[in-house]
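Some notes on the structure that comes next.
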Amino acid sequence: MIRYLRYLVPLGIFAVLVAFLFRGLSLDPKLVPSPLVGKPMPAFSLTTLDDPGTTISDADIKGKVAVLNIWATWCVSCRAEHDVLLQLAQTGQVAIYGLNYKDNRADAKRWLRQLGDPYVANAFDEDGRVGIDWGVYGAPETFVIDPQGIIRHKHIGPLTTEVLQTQLLPLIAELKS
Amino acid sequence: MHPKRKKRLYLIALMVAGVGIGIGLALNAFNDNLMFFYSPSEVVAGEAPSGHPIRVGGLVTNGSVKRQENGLTVLFDVTDNAETVTVEYTGILPDLFREGQGIVARGRLDTDGVFVAEEVLAKHDENYMPPEVADALQTAHQEGVEAAAQGSATQ
Amino acid sequence: MIPELGNFALVLGLTLALVLAVFPMIGSLNNTPGWVALARPAAWGQFFFVAVAFACLVYAFLADDFSVLYVSRNGNTQLPTLYKVSAVWGAHEGSLLLWALILSSWTVAVSLFARDLPAIVMARVLSVMGMISIGFVSFLLFTSNPFDRRFPVPAEGGDLNPLLQDFGLAVHPPMLYMGYVGLSVAFSFAIAALIGGKLDAAWARWSRPWTTVAWVFLTIGITLGSWWAYYELGWGGWWFWDPVENASFMPWLAGTALIHSLAVTEKRGAFKRWTVLLSLLAFSLSLLGTFLVRSGVLTSVHSFAADPERGLFILVFLCIVIGGSLALYAWRAPDVSGGGRFDMVSRETLLLGNNLLLIVITAFILLGTLAPLVYDALGWGKISVGFPWFTTMLIIFAPFMILLMGMAPLARWKHQDAGELLRQLRIAFLVSVGAGLVAALPLLHEGWSLWVGEAVMLSVWLAATLSIGLRQRLRNRKGLAGIWRDLRLKGSGSYYGMVMAHFGIAIFVIGVTVVTLFDVEKDLRMSPGETVELAGHAFLFEGVAAHRGPNYRSDLGTVRVYKGEREVAVLKPEKRTYLVQTKPMTEAGIDAGFTRDIYVSLGEALGGGDWSLRLYYKPLVRWIWLGGIFIALGGLLAASDKRYRMAVRRRASALARGGLAAEGRS
């Protein structure tokens with residue numbers, strides 16, 4: 001019996017290894033749902049991108065189903081997902097707000113002029129502090145918020161048509177009913 | 001015991017001992033070469049050891065990068081939005097080093113509380129920051145929120 | 001249209017992989033010849049469809065079809081054609097398709113070239129490869145489809161990462177994948193043998209050439225990667241103990257242990273269980289590497305875009321393949337009969353010792369790579385394992401390996417008289433120690449250097465013992481004609497391959513030691529017109545000018561290097577900014593040489609025309625990759641020996657069959 005146990009050693013070592021790897025995956029913030037999901041969105045008050053004289057705050061987003069998209073001109077993936085955002089805006093299903101993250105105002109306005117503007121309004125987060133409050137690790141990231149101002153979903157990375165069809169639009173439809 | 005078997009046993013014991021010593025040495029060296037990561041909050045709180053190689057990381061504070069007149073020494077601050085640590089580095093900074101970006105520096109904390117870096121790493125692209133830094137920022141944020149909540153509760 | 005065709009072809013490929021995995025295996029267990037015979041056509045069919053899918057993706061890139069999401073992210077109309085093709089495997093989805101293509105190619109190759117195998121064994125081997133294929137193709141179809149479309153179609157693509165727009169890095173992944181996938185052949189052979197319960201010398205003989213070739217590809221891939229990192233990343237480093245690099249090094253080490261173990265099993269029938277386990281281990285490490293690189297579990301300079309959901313899929317796949325194979329091992333290995341006996345002092349023991357050391361090193365590298373994950377998982381803090389530890393660990397174990405490497409080829413199988421061996425080695429020992437002492441002296445360098453002494457001693461030990469072996473072997477052969485005759489003998493491919501590969505190790509050791517100990521590096525601030533002294537050379541910085549390339553703009557510096565009065569080189573280090581992906585890229589200016597490299601890279605502009613510059617003098621750095629080339633060539637020599645044997649074996653077995661028939665008639 002002891003003799004046979006020796007042959008189980010490799011399998012045993014592998015089992016321990018797998019346990020650690022599974023744990024490692026669960027530690028990745030992208031796999032674990034954001035701790036903010038299910039909580040009220042963090043309060044903020046920033047100038048709008050278009051006009052430094054106007055302010056926009058979380059109160060403006062409340063009252064309807066909304067999407068908040070974190071983006072920047074220096075972010076390549078944001079460019080890749082821009083068309084998907086335009087698609088979403090065209091459906092008219094939801095109001096899209098933008099958080100222009102650690103960017104340059106002039107560049108950002110030019111970008112929207114050239115590529116199209118899917119946003120109802122954009123908040124200008126120059127130093128990224130508001131982004132930190134929202135638990136943002138980088139750009140792009142997208143939040144779905146219900147009319148009460150509770151964050152219902154966080155998507156990390158660029159949006160794709162598939163994500164739109166399978167995750168966002170169904171959730172938005174559900175929140176509206 | 002059969003003399004041949006005895007010889008075999010001795011030789012096996014010798015091999016095992018030899019490999020064992022090697023493994024022991026290597027594991028010992030392992031412990032010495034482990035570098036722990038400390039957030040600026042932990043450094044300021046005195047949790048990071050002085051003089052021992054460690055890693056510190058955070059966001060490079062805007063406007064904090066100062067170059068010396070001559071030579072290649074540069075000073076800058078890193079923060080987790082709760083506390084700040086000054087880093088001193090002599091050498092060429094990596095391409096992706098930028099104010100507002102997350103970096104990790106490897107070096108030692110000197111007696112003045114300045115972190116003397118031997119290497120500055122900004123490995124990730126502009127989009128994401130090193131996970132340790134992200135984690136430190138999250139922790140600082142959560143603790144900050146808790147402290148604020150406690151503060152308002154006691155009032 | 002074409003992308004849809006590609007997607008459909010992948011689906012068909014998956015279907016055939018399923019057929020290949022299921023029917024021949026069951027047929028082999030129930031002895032249903034019809035199902036067993038399905039193996040070869042299924043393998044061919046699978047290859048055909050995966051190849052069609054791959055061709056569709058290549059077409060999409062060449063045609064700038066930005067309606068395909070993957071192409072829109074990695075392609076660009078301005079990209080040179082060569083890089084449009086290499087962009088196919090430049091990111092996660094496409095590189096997986098390349099994996100699948102190479103896997104199905106090796107499957108077909110096994111069905112073609114391993115004709116000596118009994119049909120049942122062949123069926124099992126191909127079946128297991130089909131199972132692995134199922135994993136990869138379904139991973140592609142369900143989580144990482146390169147043919148996903150996007151709407152609306154962008155006018156221009158995101159461009160291939162500038163770091164990848166380089167020939168070396170275009171070729172590096174295919175080489176590595178050929179190695180990783182090739183190890184699956186040994187894996188499949190081992191599984192087939194465990195199922196069949198027959199683990200004999202014949203099994204080892206079939207497995208050996210395939211494993212050696214896979215190992216050669218891995219060697220080339222790793223060497224290429226190291227060389228590329230050196231000239232492209234601008235920091236003069238050639239190995240970083242980065243998790244992705246370790247992910248390729250560990251299978252290589254296990255593969256090295258495997259090819260030596262296979263030699264013993266083939267020649268003496270010993271180490272059977274050990275060899276089977278190593279066969280399973282080598283490919284398992286390949287798969288583990290794939291997981292580590294693509295799941296985001298470990299942070300690394302050059303891992304793919306991390307995605308934990310994909311990581312989960314791979315991890316489950318790992319559990320099934322590795323867990324299943326190790327369980328099979330635990331079940332069947334005890335029944336394997338013991339092999340040839342051997343004495344305490346014999347070639348077998350020395351090879352065993354070497355294998356043990358290789359495995360210990362692999363385990364330590366695994367430890368160092370996974371430690372950050374383990375510590376984080378247990379809440380012990382966020383750590384990183386310092387570079388010096390890996391080096392220290394190698395320095396402890398490698399000398400013993402090299403010592404054994406010198407002794408084993410001279411020892412006899414089964415029993416070697418210890419006194420006789422020592423007598424043979426005496427002169428090699430004296431020469432090595434002498435050379436080491438001379439090298440340690442402060443003659444060619446400042447101060448005593450024990451490390452250089454040790455490195456030279458070890459390398460000379462290898463060279464000397466190889467010479468002794470050669471002299472013994474060619475003892476009765478006179479002149480070049482004699483040597484030529486010896487080269488064409490059966491078994492000499494193996495021998496000369498060993499000589500070349502071990503010689504490669506010697507060159508590698510010297511290169512690494514000298515460049516690590518004696519390289520000179522200076523970071524400094526220079527003004528235009530300023531000259532700096534470094535390692536006996538004068539570096540004149542002439543300044544930096546703006547420059548425009550085909551798809552980038554840059555700051556181009558000029559540095560003239562003088563040795564005494566003579567101008568040795570004009571170096572042009574550059575700082576590029578590519579127009580689409582605006583990441584800055586450092587292109588070093590390198591004057592390459594057999595005995596040294598002179599290397600300059602730009603830091604940043606410091607105002608007033610001043611720039612920070614990094615100057616390097618790197619002695620013998622090219623010996624590192626030269627060593628790698630010799631090792632790979634040695635492996636090729638050894639593998640080519642086997643094919644000769646196969647033709648001879650076929651003739652021999654044909655004769656035997658003829659003889660039996662004749663006997664039957666009489």
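First the proteins, then the strands, lettered A, B, ... as listed; each starts at 1. Just so it is clear, the values below take in all heavy atoms, side chains as well, and ignore hydrogens, waters and symmetry mates.
In this structure, the portions of B:Ile23 lying under 4.5 Å from any heavy atom of chain C include both its backbone and its side chain. Only the side chain of C:Lys575 comes within contact range of chain B, with at least one heavy atom under 4.5 Å from a heavy atom of that chain. For B:Gln68, the part lying under 4.5 angstrom from a heavy atom of chain C is the backbone only. In this structure, chain B has a heavy atom under 4.5 Å from the side chain of C:Thr392, while its backbone stays farther away. Using a 4.5 Å cut-off between heavy atoms, B:Leu93 touches chain C through backbone and side chain atoms alike. Using a 4.5 Å cut-off between heavy atoms, C:Leu356 contacts chain B through its side chain alone, with no backbone atom that close. Contacts of B:Leu25 with chain C are made by both backbone and side-chain atoms, with heavy-atom separations under 4.5 Å. Using a 4.5 Å cut-off between heavy atoms, C:Val385 touches chain B through backbone and side chain atoms alike.
The aromatic rings of C:Trp241 and C:Trp239 sit perpendicular to each other, their planes meeting at more than 60°, with 30° as the lower class boundary.
For the pairing with C:Ser554, the side chain to side chain donor-acceptor pair (under 3.5 Å) check across C:Arg576, C:Glu574, C:Glu587 returns one residue only, C:Glu574.
The backbone N or O of C:Ala408 lies less than 3.5 Å from a partner atom in the side chain of C:Arg347, making a donor-acceptor pair.
The minimum heavy-atom distance between C:Thr586 and C:Ser601, with the atom names listed, is CG2-CB, 4.1 Å. Considering every non-hydrogen atom in both B:Val44 and B:Thr84, the closest pair reads CG2-O, 3.7 Å.
A donor and an acceptor atom, one from each side chain of C:Asn246 and C:Thr369, are located under 3.5 Å apart.
With contacts defined as side-chain heavy-atom distances shorter than 4.5 Å, the pair C:Pro528/C:Asp610 qualifies.
Counting heavy-atom pairs closer than 4.5 Å to chain B, the top residue among C:Tyr375, C:Phe390, C:Phe400 is C:Tyr375.
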